[in-house]
Amino acid sequence: MKKSNDPVKLPQIAIPQPIPSWLQNFSPLLQQARWFSNNDQDQEALSLALAAYKRQPSLDALEQAFDSSLVLEQFKQTKALLKEMKKLGATNTFLNLQKATYYLAQEKFTQANKCLADAQAHKQELDNRHRAYLYFTQGVASFQNKPQTLPFTQALHYDYLLMPSERSLCYLMRGLIRLEKEAYETAYQDAQNALHTSSSSDVAHYLRAMAGYHSGHLTHLQQDTQIVLQSKDELIGKAMKSNMRQLQKVRPKEPVIIDKDFMDNLRHRFFDEVDDMIDSSDDSDECVATWTSGRFENKMGSSIQKSMEYLRVALSKLNKPDLPEKLKNIQEYLQLCVDGYFAQACLDLITPNGPDTTLEQLRDWRKQILLIMDGYDKVYQVLVGKLEELAVLYQIPVFLAQEKKKK
């Protein structure tokens, strides 16, 4: 590999600003190298890492060159880089972590696990970045025998120090384990996080499709099945594509489906404003001053208005001429429920004020707030009940699959 000190001849890539936390401790050249590596451009990353090492020898530069060489399957060079790390003063714990990835890349799992065990025994010698990578590597190694979610969860505690591609892979592999264990809801959330972090993984679309169908999240199902069926990724096998074809057959074809995403959206419309009001208060004095009966009443009115508007838009695809009248009747009924479940609790709210407020007055005030929130929840449950009636009336598929319970 030809090494160069001329920055004009070195590859360049735009790094998002402000610089992500996982890049901030690296030199400018290594920042570029890590970003290339994160975007699967390891040849460019290797060139930059070697140039950085020539300018100023460091373990960070050697480690980046080592990582890129492994991905490029240049095993002879990676072995030489390990020796160079030792000469530069790398600890045995650090070297064992690097050796573990070296052996994993060659599918030598016995040697990899031995190195990981040695690194784990002395993990206090590792900084947080390498400790996160230790957990991540343990998770990858466990996939070959008894897959475990714990190492990936431990690595994600340090997610701010992982590259986005590493963080995405943690979510993906943990999600696949959870899918196998039929923990569909948490597997779906892992798929969402994996795709949010790095949207290029077809396997993550497979995970989201499978976990989403079994947990009642159908929003992305059509998109995900199509992506997997059209995928050229060698990780997408025949069995995965067969599963996607099965999902396409059983996916509801009606224009409106009431699934968990539908209900989550409805709940957000109803509770978001009052939740924001409560969350925005920093201390008890601010709570007492701002949580007034008038504000709660205004929030309730807005909650009903936003929820009904969501239903109007979401159910408009049904093309039912009597739907506007049905929704109007529901809104009027909700207002009656407000009068029955909510209004009196607001009238009873006595706001303590002044320096002579007693603990007993504060306790009474908290009880009244709980009654108001209980009224909020009761009105929402009425709304859900009315939606169930519409589902029966218009034969809307209800797909609210529950997490399977292990015996």
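Nothing fancy with the numbering, it's 1 onward along the sequence.
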>> Check this for me, if you would: do Glu325 and Lys328 make a salt bridge, where the nitrogen-to-carboxylate-oxygen distance has to be below 4.0 angstrom?
In response: no
>> Which residues pass the side chain to side chain donor-acceptor pair (under 3.5 Å) test with Asn145, not counting sequence neighbours?
In response: none
>> I want to know whether Tyr376 and Phe342 have ring centres closer than 6.0 Å.
In response: yes
Less than 3.5 Å apart, which donor and acceptor atoms pair up between the side chains of residues 13-32 and the rest of the protein, not counting sequence neighbours?
{"residue": "Gln17", "atom": "NE2", "partner": "Ile15", "partner atom": "O", "Å": "3.4"}
{"residue": "Ser21", "atom": "OG", "partner": "Tyr160", "partner atom": "O", "Å": "2.8"}
{"residue": "Gln24", "atom": "NE2", "partner": "Ile19", "partner atom": "O", "Å": "2.9"}
{"residue": "Ser27", "atom": "OG", "partner": "Leu30", "partner atom": "N", "Å": "3.4"}
{"residue": "Gln31", "atom": "NE2", "partner": "Leu23", "partner atom": "O", "Å": "3.3"}
{"residue": "Gln31", "atom": "NE2", "partner": "Phe26", "partner atom": "O", "Å": "3.1"}
{"residue": "Gln32", "atom": "OE1", "partner": "Ile13", "partner atom": "N", "Å": "2.8"}
{"residue": "Gln32", "atom": "NE2", "partner": "Ile13", "partner atom": "O", "Å": "2.7"}

> With sequence neighbours left out, which residue pairs that include part of residues 127-143 fulfil the salt bridge (charged side-chain N to carboxylate O under 4.0 Å, His left out) condition?
Replying inline: Asp60-Arg129, Glu63-Arg129
> Does the side chain of Asp322 pick up a donor-acceptor pair with the side chain of Tyr394 at under 3.5 Å?
Replying inline: yes
> What residues form a side chain to side chain donor-acceptor pair (under 3.5 Å) with Tyr158, not counting sequence neighbours?
Replying inline: none
> Honestly, is Arg208 close enough over Tyr188, meaning NZ or CZ under 6.0 Å from the six-membered ring centre and within 45° of the axis?
Replying inline: no
>> Walk me through whether Arg251 and Phe399 qualify under side chain to side chain contact (heavy atoms under 4.5 Å, CB included).
In response: CA-CA 10 Å; Arg251 179 177 61 85; Phe399 203 97; over 6 Å; no
>> Can you list everything that forms a side chain to side chain donor-acceptor pair (under 3.5 Å) with Glu125? Sequence neighbours excluded, please.
In response: Thr93
> Taking the six-membered ring where the residue is Trp, are the ring centres of Phe109 and Tyr103 under 6.0 Å apart?
Replying inline: no
>> What I want to find out is whether Lys317 reaches Glu254 closely enough, with some N-O distance under 4.0 Å, to be called a salt bridge.
In response: no
>> Applying ring-ring contact (aromatic ring centres under 6.0 Å, His included) as the test, list every pair that has at least one member in residues 272-313; sequence neighbours left out.
In response: Phe262-Tyr310, Trp291-Trp365
> Just checking, Lys79 and Tyr102: is the charged tip under 6.0 Å from the six-membered ring centre and within 45° of the axis?
Replying inline: no
>> Any salt bridge linking Glu360 with Arg363? Criterion: basic side-chain nitrogen under 4.0 Å from a carboxylate oxygen.
In response: no
